[in-house]
There are 2 protein chains.
Amino acid sequence: MVKELSTEDKILDAARRIFVSKGFNGCTSREIANEAGMNVALVNYHFKSKGNLFDIIVSSILKDFSLSIFEIMKSDMPLMHKTRIMIEKEYEFLSKHPEIPSFIVGELGKKDKNFFDCLQFSELFQEANILSQIQEAQEKGEMIRIDFVSIMLLVMSNCHFPFMAKPMIQTIHSIDDSSYKEYLMIHKQYVTEMIVNYLFPNKNKN
Amino acid sequence: MVKELSTEDKILDAARRIFVSKGFNGCTSREIANEAGMNVALVNYHFKSKGNLFDIIVSSILKDFSLSIFEIMKSDMPLMHKTRIMIEKEYEFLSKHPEIPSFIVGELGKKDKNFFDCLQFSELFQEANILSQIQEAQEKGEMIRIDFVSIMLLVMSNCHFPFMAKPMIQTIHSIDDSSYKEYLMIHKQYVTEMIVNYLFPNKNKN
DNA sequence: ATAATAATTAAACACTTGTTTAAAATAGAA
DNA sequence: TTCTATTTTAAACAAGTGTTTAATTATTAT
């Protein structure tokens, strides 16, 4: 028993698939309508324009993208463990949505509109207890002195880039999609150890 | 005294600027011709088509992109120093061409054609003495056991991503281009220490 | 059932796209 | 100069673009 999606949801699903894989300028309204199995005019009937539809998809993606991270930030875990889990969950999320990093970098960088504003990072940081937790760990000497945004940049660099670099790495290694997934799981271990060792140099070995 | 470029070079320069900042589908032949200060038909007279011009630009960029790295690989330095210099030079190159990482990820990932083939990585690795150097360092216990491509992925992740993430970080930090450049220089230090500490855990502190 | 509203369609609209054509301008060689 | 080949231009071309219109179908409320 397949549950039938509403017309709007069908369009949103199709639009997300196509926008993510081809970009805003790499696809047409008709292509999205066709993927959703319906007429072109319906896309503009339910959503005002192609640009408006794109904005909706982008907000949706950015929301998904930031949700898992902030859930972990808010959680009540020791900072080192939190860092490990953050990397773990990020690889998990990106394994399900591997095109998102390339999409964000490729589509959101060159637009005039700034999509990142809507994320309201600062407020979310305040809400999470992560900032005071970092300060505390640094005062105790458990963590090196480094600002929060740099930490996030280190984590994101090592989580997102391996997914973006897939075409290149696959060419070098001559491996298929399945083998690349395995390769990513090994790389995740390297990344976790590297970052944790760097941020928490005095940690107990176990 | 300004030296006048040839028509073809003027078109190539304009095409590179526009392709890099807007992508293949984000710009038009007329836009490129206009940027070069000439007629549309001239672009197709000197270069067969928009697609052909794009291919030429991509090869040129990929060549620049891989050149500096391979020069360092081939050089006669101890492995740890080589790693430091590689990160240093990569940040230097990307500071001059900050849009290249986003361009490569955004444009080369979704194309049917595989642009990375032409780089012939394997042959270049053989030519450089880096592989045997790594093996030697690992047998001596100076370097952890990790394959070369993973090392490169670690280095590239931490060099390229910070340039791609510029729009996002600037939004979070509310900083201008100049401050972001300073921020990158600090981040480069973090990255260098983190990677070198991880790859060469028994190194002498100085 | 009937009227009113919403959803869907095919067709058309005005505009931009990459590319080509044919004429004009320029340069070089005889 | 005159002839020839190359370079440059304006104009046109067919195809594709996002969007709108007007007519048709489906749904809902009375």
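Order of the sequence lines fixes the chain letters, A, B, ..., with proteins taken first and strands second; residue numbering starts at 1 for each chain.
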> side chain to side chain donor-acceptor pair (under 3.5 Å) with B:Asp177: which residues, sequence neighbours excluded?
Replying inline: B:Gln170
>> Suppose we call two aromatic rings close when their centres sit under 6.0 Å apart. Are B:Tyr198 and A:Tyr198 close by that rule?
In response: no
>> One pair to check against side chain to side chain donor-acceptor pair (under 3.5 Å): A:Asn52 and A:Ser49. What are the steps and the verdict?
In response: CA-CA 5 Å; A:Asn52 183 244; A:Ser49 67; 5.6 Å; no
>> Any residue in residues 38-46 of chain A with a heavy atom nearer than 4.0 angstrom to DNA chain D? Just list them by number, or reply none.
In response: A:Val40, A:Ala41, A:Asn44
Tabulate below the donor-acceptor pairs under 3.5 Å that side-chain atoms of residues 160-169 of chain B make, not counting sequence neighbours, or state none.
residue, atom, partner, partner atom, Å
B:His160, NE2, B:Glu90, OE2, 2.8

> Who passes side-chain contact (heavy atoms from CB on, under 4.5 Å) against B:Ser150, sequence neighbours left out?
Replying inline: A:Tyr183, A:His187, A:Tyr190, B:Ile146, B:Asp147
> Can you tell if the side chain of A:His173 reaches within under 4.5 Å of the side chain of B:Val149, non-hydrogen atoms only?
Replying inline: yes
Return a table of donor-acceptor pairs under 3.5 angstrom between the side chains of residues 41-48 of chain A and protein atoms on other chains or two or more places apart.
residue, atom, partner, partner atom, Å
A:His46, ND1, A:Glu8, OE2, 3.0

>> Counting only heavy atoms and a strict 4.0 angstrom limit, can you tell me which residues of residues 6-30 of chain B come near DNA chain D?
In response: B:Thr7, B:Arg30
> Who passes side chain to side chain donor-acceptor pair (under 3.5 Å) against B:Ser75, sequence neighbours left out?
Replying inline: none
>> So for the helix from C:dA1-D:dT30 to C:dA30-D:dT1, with five pairs setting each end axis, what is the inter-axis angle to 10°?
In response: 10°
>> Taking side-chain hydrogen bond (donor to acceptor under 3.5 Å, both in side chains) as the cut-off, I'd like each qualifying pair that reaches into residues 94-108 of chain A, sequence neighbours left out, listed once.
In response: none
> Which two nucleotides bound the region of DNA chain D that has atoms under 4.0 Å from heavy atoms of chain B, read 5' to 3'?
Replying inline: D:dT6 to D:dA12
> Quick one: OG on A:Ser66 to CD1 on A:Ile69, what's the gap to the nearest 0.5 Å?
Replying inline: 9.0 Å
> In chain order, what residues pass the side chain to side chain donor-acceptor pair (under 3.5 Å) check against B:Glu142, with sequence neighbours excluded?
Replying inline: none
> Under the side chain to side chain donor-acceptor pair (under 3.5 Å) test, which residues partner B:Asn34, sequence neighbours left out?
Replying inline: none
